[in-house]
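Reviewing the structure listed below.
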Amino acid sequence: PFNLDTINVDWTDSLDTSWKKEEIQMCGETAKVDVIADGTDLPFEDGQWDFVVSSHCLEHNWDLIAAFKEWLRVVKTGGLVFTIFPHPERTFDKGRLRTKLSELIDRHAGKLPKPDLVGVIPTVHTWILFHHTVWWLEDALECVKYIGGAEVVATADPDDKVGNGFTFVVKKL
């Protein structure tokens with residue numbers, strides 16, 4: 001837990017997912033889901049929030065650019081998007097190819113088909129299917145620069161929460 005007064009957004013409120021079981025194992029409890037929504041289509045007004053906090057979520061969005069733009073949309077000017085992203089050398093993504101910015105741009109433009117994961121129940125063995133993007137910190141910084149509208153104000157590699165990822169914080173311009 002980040003011990004912040006926040007609302008928790010997730011695409012499901014089911015406790016029967018591998019990540020909720022992992023959350024319970026790591027934290028002893030799970031955060032209540034307040035809003036069920038896709039990360040690329042949040043039910044909030046423009047500039048409604050002071051910040052967005054994301055830990056090991058962004059990589060699960062096929063259109064990562066759309067998700068990040070959406071998070072910037074709901075944050076006030078001067079607000080922050082704080083992201084912890086899994087580092088492939090410290091997770092089960094080890095050995096997977098890094099996702100190039102050109103691929104993310106093609107996904108966003110609809111030039112690449114979204115994987116059909118309907119009916120696939122996330123387990124430890126299928127979890128890798130749900131990491132659509134494999135990045136190192138410099139890849140994240142390149143993507144933020146490409147998207148625009150924000151500046152990187154802090155980074156940490158490894159992250160100081162669990163240590164299996166890296167952190168980048170951007171301020172909306």
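Because only heavy atoms are used, hydrogens play no part in the values below, and waters and symmetry mates are left out as well, while side chains stay in. Model, not experiment: these values are computed from the prediction. For the single chain, residues carry numbers from 1 onward in sequence order.
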Do [X] and [Y] come within less than 4.5 Å of each other through their side chains, counting heavy atoms only?
{"X": "Cys143", "Y": "Ile65", "value": "yes"}
{"X": "Asp50", "Y": "Lys76", "value": "yes"}
{"X": "Leu4", "Y": "Val53", "value": "yes"}
{"X": "Thr133", "Y": "Arg107", "value": "yes"}
{"X": "Asn164", "Y": "His56", "value": "yes"}

Heavy-atom pair with the smallest gap, counting every atom of Thr91 and Pro86: CG2-CB, 3.8 Å
Restricting to salt bridge (Lys or Arg N to Asp or Glu O under 4.0 Å), what partner residues turn up for [X], sequence neighbours left out?
{"X": "Asp139", "value": "Arg98"}
{"X": "Lys172", "value": "none"}
{"X": "Asp46", "value": "Arg73"}
{"X": "Lys21", "value": "Asp16"}

Atom CG of Leu97 with >12 non-hydrogen neighbours under 6.0 angstrom: no
Excluding sequence neighbours, so at least two apart, what forms ring-ring contact (aromatic ring centres under 6.0 Å, His included) with [X]?
{"X": "Phe168", "result": "none"}
{"X": "Trp135", "result": "Phe85"}
{"X": "His108", "result": "none"}

Pairs of donor and acceptor atoms involving the side chains of residues 32-41, under 3.5 Å and at least two apart or interchain, shall be tabulated with distances.
unit_1: Lys32; atom_1: NZ; unit_2: Asp34; atom_2: OD1; d: 2.8
unit_1: Asp34; atom_1: OD2; unit_2: Asn8; atom_2: N; d: 2.7
unit_1: Asp38; atom_1: OD1; unit_2: Thr40; atom_2: N; d: 2.7
unit_1: Asp38; atom_1: OD1; unit_2: Thr40; atom_2: OG1; d: 2.4

Residue pair Lys69, Ile147: steps toward the side chain to side chain contact (heavy atoms under 4.5 Å, CB included) verdict: CA-CA 7 Å; Lys69 283 182 173 183; Ile147 291 170; 3.8 Å; yes
Is it the case that one hydrophobic cluster holds both [X] and [Y], taking links as side-chain heavy atoms less than 4.5 Å apart, direct or via other members?
{"X": "Leu80", "Y": "Val170", "result": "no"}
{"X": "Val75", "Y": "Ile84", "result": "no"}
{"X": "Phe166", "Y": "Leu101", "result": "yes"}
{"X": "Val152", "Y": "Phe82", "result": "no"}

Sequence neighbours excluded, every pair satisfying ring-ring contact (aromatic ring centres under 6.0 Å, His included) that has a member inside residues 28-51: Phe44-Trp49
Co-members of the apolar cluster containing Val134 [side chain, <4.5 Å]: none
Side-chain hydrophobic cluster, 4.5 Å single linkage: members besides Leu112: Trp62
Any pair counted as side chain to side chain donor-acceptor pair (under 3.5 Å), so long as it reaches residues 143-159, sequence neighbours left out: Arg90-Asp157
Within the 6.0 Å centroid threshold, strictly below: His131 and His60: yes
Given Asp106, Ile105, Thr99, the one that forms side-chain contact (heavy atoms from CB on, under 4.5 Å) with Glu103: Thr99
Trace of the side chain to side chain contact (heavy atoms under 4.5 Å, CB included) decision for Phe68 with Val144: CA-CA 9 Å; Phe68 204 77; Val144 169; 4.2 Å; yes
